[in-house]
Trainee: 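To start, I am sharing the structure in question, which I have written as structure tokens.
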Amino acid sequence: MQPAQLKTLPRNDAEEVNVSEAAATFLSNQRIWSWVTLSLVFALNIVIVSSVFLPNLKEITGFAEAAYINDGRKLVEGELTPFGYSPLSSLLYALTYIPVQGSPYWLIYSCTIGRILLFGLLWTSSYLVASALSTLASPWLMPALLATSPALLYLIAHGSHALFAAMSAFALWQALLFYQTKATRHLVMASVFVGLAVLTRSGEGLILWAVLILLAVWLDKDFKRMAASLAGSVFPCALILGGYILLYYGQVGRFDLGMAEYSYFTFEQGHGLAYQSRYDEQENFYVNGQMDARRLFGTPEENEYSITTAIFRNPSAYLQRVPRLASLAPEKAASVYGFGLALVFFLFALRGACELLRQKLYTLLSILLLWSSYLLVYLLLVFQPTHFLLPYYILFLLASVGVITVVSNFDNRWEHGFWATILVALIAIAITLQKATLFLTASLLLAALVITWMTMARYRHVPSIKVVGVMLVFIPFLIQANHPEPKFRSLGIAEDERAILYMREHLKSGAPVGAYAPINIWMANLTYIPMFRSALPGLNSEQDFSTWMKNNRLAAVYVDSSLKRQEPSVWALVQKRIGHDLKIGFASEKKAIFRSSLPPQVIPRSIFGTT
């Protein structure tokens, strides 16, 4: 044996025993073991859905997600984000931008890093919420639900939605600890996280702050401590918000929160969502809704960006759209929870809520419901499907309680009757309406429950039978789960990415470029000029279009399939300039770049197009 090999061996048997004992002692610590195991489960979940973290440009949301990523770039360059436009999201993406800012694919890389960070925040905050109520359900059920659900995958593609969900979950974790211990420090931390939630989504966050203040007064029955509880819920959040507002004022010299403008545009877009069935499927119903809303309620300038003023202009038109929005909500919510899988989640959550009522935990159930009360605002203004995912951790927490209840009551006839009645009714409805997904889901769940109860009744004396029961109940979750296909990413091959490389090479950084969606323009480090009707003046002729280009000093016009499909009238005007003062600068099977044939001293223009 060589001397070098001898160095790798213990000097004596006692040293080997000491090392083994140290490792055993380390792993025997329940807290350490739990976090190590949780980390391994998290890493496994990352691997299973890894393709979501490796998007190509076309797989990044062209407006919302791209806007948050670009705001991070602008923050690094010294431009603060207005209060109402998610400054905390800008900070997150500023951190992801710094290490990749020199790459032509910076936006894609920043998106990858941001999605991984958001996934980690959502995972951690969800587990902590579950751990706060470990007496009702094992917190290990939360990672299992997260692994089978598509909820996080939808959320991380919408930066501010995911970050708000994470911050509000952290805040609920601390609020639940305050509910249990009445320790003011938990209320202070809850207020800090709520403050961060407000800096992520101001509207929902301010509602959450009001809920926290209400809970602080309600949960602490001791009058002498009430003042401290009230201060603990108010001041940390107020300091965070006030500090950012003052910081923004110090840079721009005005108190421009940006909330009125942002809220008003969502109000206009809500009209398009409510009446989307009336519009051409090829067009953007949000844009159409904005145009119709201005006809019915007046322009934003006429109403001074006040939603109340707009509603009072035409209250009947507003009241007619609210039921239409409400009728769309169930299907939109089911879509982001996985359709058939959503039914499983909702039924177990319903059972969990019933169990809290049976145990007379009225206060706890009220906290959970109040914490998601901001959902009502979406029915009054507008919603995206992912808005219904913001309180996903509450749904999963109640579902965890429901799963444990079903397993614990394996020999309870009332439990059997409850599920049999609901599921047989759903199967009958599915057959009547010919809803295949509903039929499959209800049938799977009924079969899984019957198998679970029969197995547990047969082996009731086995010590770990409840663990087996939980695993059997999860059969419908696993069957309905739909994970994305794995992939490896190659950049610079797709035509939209090649067009961006062309723009970076041929256009000066910061040059104004007209386009339907901003993502391609921002990635090329150019200035985005929107080209959809609600953002354009009346363009009725070629001359109008040429005048608009000159007024905006456009260096290029980027044309893709979205512009052609959703803004055909704008595309028609662009086409009329081809062959006159526009020429092809780049062409491929699906893309073409038209360079201006005008002298360089005249405003040069290019058209980047797809077929």
Side-chain angles (χ1 to χ4, degrees), residues 30 34 37-38 41 126-127 129-149 337-338 340-362 364-365 368 392-430 437-481:
Q30 186 61 40
S34 295
T37 306
L38 188 66
V41 175
S126 302
Y127 181 80
V129 168
S131 67
L133 296 177
S134 58
T135 55
L136 294 173
S138 170
W140 285 98
L141 287 177
M142 182 65 78
L145 293 174
L146 293 175
T148 57
S149 168
Y337 281 103
L341 196 57
L343 178 62
V344 181
F345 282 122
F346 293 149
L347 288 177
F348 276 114
L350 175 62
R351 184 63 188 92
C354 292
E355 180 62 17
L356 295 185
L357 291 174
R358 190 193 67 79
Q359 296 186 28
K360 298 182 179 180
L361 297 174
Y362 307 126
L364 175 58
L365 184 58
L368 298 179
Y392 75 93
Y393 49 89
I394 294 176
L395 179 71
F396 288 5
L397 181 63
L398 291 173
S400 299
V401 176
V403 169
I404 293 298
T405 302
V406 168
V407 171
S408 300
N409 292 345
F410 66 90
D411 58 354
N412 186 300
R413 291 185 177 181
W414 184 92
E415 192 76 34
H416 299 169
F418 172 83
W419 285 98
T421 301
I422 291 178
L423 294 176
V424 169
L426 289 175
I427 291 172
I429 293 172
T437 301
L438 178 60
F439 175 79
L440 175 62
T441 303
S443 301
L444 279 174
L445 184 53
L446 181 59
L449 291 179
V450 171
I451 293 172
T452 300
W453 291 328
M454 291 176 62
T455 303
M456 294 186 69
R458 175 68 177 82
Y459 300 99
R460 66 176 67 233
H461 299 299
V462 176
S464 58
I465 191 60
K466 285 191 176 182
V467 176
V468 174
V470 170
M471 295 173 67
L472 291 173
V473 168
F474 262 84
I475 290 175
F477 290 95
L478 295 174
I479 293 177
Q480 295 279 349

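These numbers were taken from a predicted model, which means no experiment stands behind them.
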Trainee: Between Ser443 (side chain) and Leu440 (backbone), is there a donor-acceptor pair under 3.5 Å?
Mentor: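 Between the backbone of Leu440 and the side chain of Ser443 there is no qualifying donor-acceptor contact (under 3.5 Å).
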Trainee: Checking side-chain contact (heavy atoms from CB on, under 4.5 Å) for the pair Tyr362/Leu356: CA distance, chi angles, key distance, verdict?
Mentor: CA-CA 7 Å; Tyr362 307 126; Leu356 295 185; over 6 Å; no
Trainee: Would you say the side chain of Leu350 lies within less than 4.5 Å of the side chain of Phe346, judging by non-hydrogen atoms?
Mentor: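 They are not in contact (no side-chain heavy atoms under 4.5 Å apart), so the answer is no.
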Trainee: Pairs in or reaching into residues 454-471: which pass salt bridge (Lys or Arg N to Asp or Glu O under 4.0 Å), with residues at least two apart or in two chains?
Mentor: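 Every salt bridge (Lys or Arg N to Asp or Glu O under 4.0 Å) pair that includes a residue of residues 454-471, provided the two are not neighbours, is Asp411-Arg460.
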Trainee: Output all residues satisfying side chain to side chain donor-acceptor pair (under 3.5 Å) with Tyr337, sequence neighbours left out; order by chain, then residue number.
Mentor: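 Testing Tyr337 for side chain to side chain donor-acceptor pair (under 3.5 Å), a comparison that skips the adjacent residues, returns none.
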Trainee: Quick one: closest heavy-atom pair of Val41 and Pro143, and the distance?
Mentor: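 So the two residues come closest at CG1-CB, 4.4 Å.
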Trainee: Using the side-chain contact (heavy atoms from CB on, under 4.5 Å) criterion, which residues pair with Ala425? Sequence neighbours excluded.
Mentor: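 By the side-chain contact (heavy atoms from CB on, under 4.5 Å) rule, Ala425 matches no residue at all.
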Trainee: Can you tell which of Leu395, Leu397, Val129 makes a side chain to side chain contact (heavy atoms under 4.5 Å, CB included) with Leu368?
Mentor: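 When side chain to side chain contact (heavy atoms under 4.5 Å, CB included) is applied between Leu368 and each of Leu395, Leu397, Val129, only Leu397 qualifies.
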Trainee: Starting from the C-alpha separation in whole Å, work towards a yes-or-no answer on side-chain contact (heavy atoms from CB on, under 4.5 Å) for Leu445 and Leu426.
Mentor: CA-CA 11 Å; Leu445 184 53; Leu426 289 175; over 6 Å; no
Trainee: For Ser149, enumerate each residue passing the side-chain contact (heavy atoms from CB on, under 4.5 Å) test, keeping only those at least two apart in sequence or located in another chain.
Mentor: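 Expected list: Ala151, Phe345, Phe396.
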Trainee: Which residues pass the ring pair (Phe, Tyr, Trp, His ring centres under 6.0 Å) test with Phe439, sequence neighbours left out?
Mentor: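 Counting only residues at least two positions away or on another chain, Phe439 forms no ring pair (Phe, Tyr, Trp, His ring centres under 6.0 Å).
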Trainee: Can you name the side-chain contact (heavy atoms from CB on, under 4.5 Å) partners of Ser138, sequence neighbours left out?
Mentor: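 Scan of Ser138 (side-chain contact (heavy atoms from CB on, under 4.5 Å), adjacent residues dropped) gives Trp140.
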Trainee: Would you give the length of the straight line joining atom CG of Leu364 to atom CG of Leu133, rounded to the nearest 0.5 angstrom?
Mentor: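 Answer for the CG-CG pair, Leu364 versus Leu133, is 5.5 Å.
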Trainee: Can you tell me how far apart CD1 (Ile422) and CD1 (Ile427) are? Round to the nearest 0.5 Å.
Mentor: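 Going from CD1 on Ile422 over to CD1 on Ile427, the span is 12.0 Å.
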Trainee: For Arg413, enumerate each residue passing the salt bridge (charged side-chain N to carboxylate O under 4.0 Å, His left out) test, keeping only those at least two apart in sequence or located in another chain.
Mentor: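 Counting only residues at least two positions away or on another chain, Arg413 forms no salt bridge (charged side-chain N to carboxylate O under 4.0 Å, His left out).
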Trainee: For residues 472-480, which side-chain donor-acceptor pairs fall under 3.5 Å, sequence neighbours excluded?
Mentor:
| residue | atom | partner | partner atom | Å |
| --- | --- | --- | --- | --- |
| Gln480 | NE2 | Thr441 | OG1 | 3.1 |

Trainee: Tell me which one of Leu361, Val401, Leu136 satisfies side chain to side chain contact (heavy atoms under 4.5 Å, CB included) with Glu355.
Mentor: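 With Glu355 as partner, Leu361, Val401, Leu136 yield a single side chain to side chain contact (heavy atoms under 4.5 Å, CB included), made by Val401.
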Trainee: State, to 0.1 Å, how close Leu341 and Ala481 come at their nearest heavy-atom pair, and which atoms those are.
Mentor: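 Result for this residue pair: CD2-CA, 4.5 Å.
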Trainee: Taking His416 for the side chain and Phe410 for the main chain, is one N or O donor matched with an acceptor at less than 3.5 Å?
Mentor: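 Checked: pair present.
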Trainee: Rounded to the nearest 0.5 Å, how far apart are OG of Ser134 and CG of Leu141?
Mentor: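 Result: 11.5 Å between the selected atoms.
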Trainee: side-chain contact (heavy atoms from CB on, under 4.5 Å) with Ala353: which residues, sequence neighbours excluded?
Mentor: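 For Ala353 the side-chain contact (heavy atoms from CB on, under 4.5 Å) partners, ignoring immediate neighbours, are Leu365.
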Trainee: Going through the distances and angles, do Trp419 and Leu347 end up as a side-chain contact (heavy atoms from CB on, under 4.5 Å)?
Mentor: CA-CA 9 Å; Trp419 285 98; Leu347 288 177; 3.9 Å; yes
Trainee: With sequence neighbours left out, which residue pairs that include part of residues 396-409 fulfil the side-chain hydrogen bond (donor to acceptor under 3.5 Å, both in side chains) condition?
Mentor: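 Listed once each, the pairs are Asn409-Glu415.
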Trainee: Just jot down the ring pair (Phe, Tyr, Trp, His ring centres under 6.0 Å) partners of Phe418, sequence neighbours excluded, or say none.
Mentor: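 Here the qualifying residues are Trp414.
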Trainee: I'd like to know whether Val470 forms a side-chain contact (heavy atoms from CB on, under 4.5 Å) with Ile404, so could you lay out the CA-CA distance, the side-chain angles of the two residues, the decisive distance to 0.1 Å, and finally the verdict.
Mentor: CA-CA 7 Å; Val470 170; Ile404 293 298; 4.3 Å; yes
Trainee: Any chance you could measure Met456, atom CE, to His461, atom NE2, to the nearest 0.5 Å?
Mentor: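 So the CE of Met456 and the NE2 of His461 are separated by 12.5 Å.
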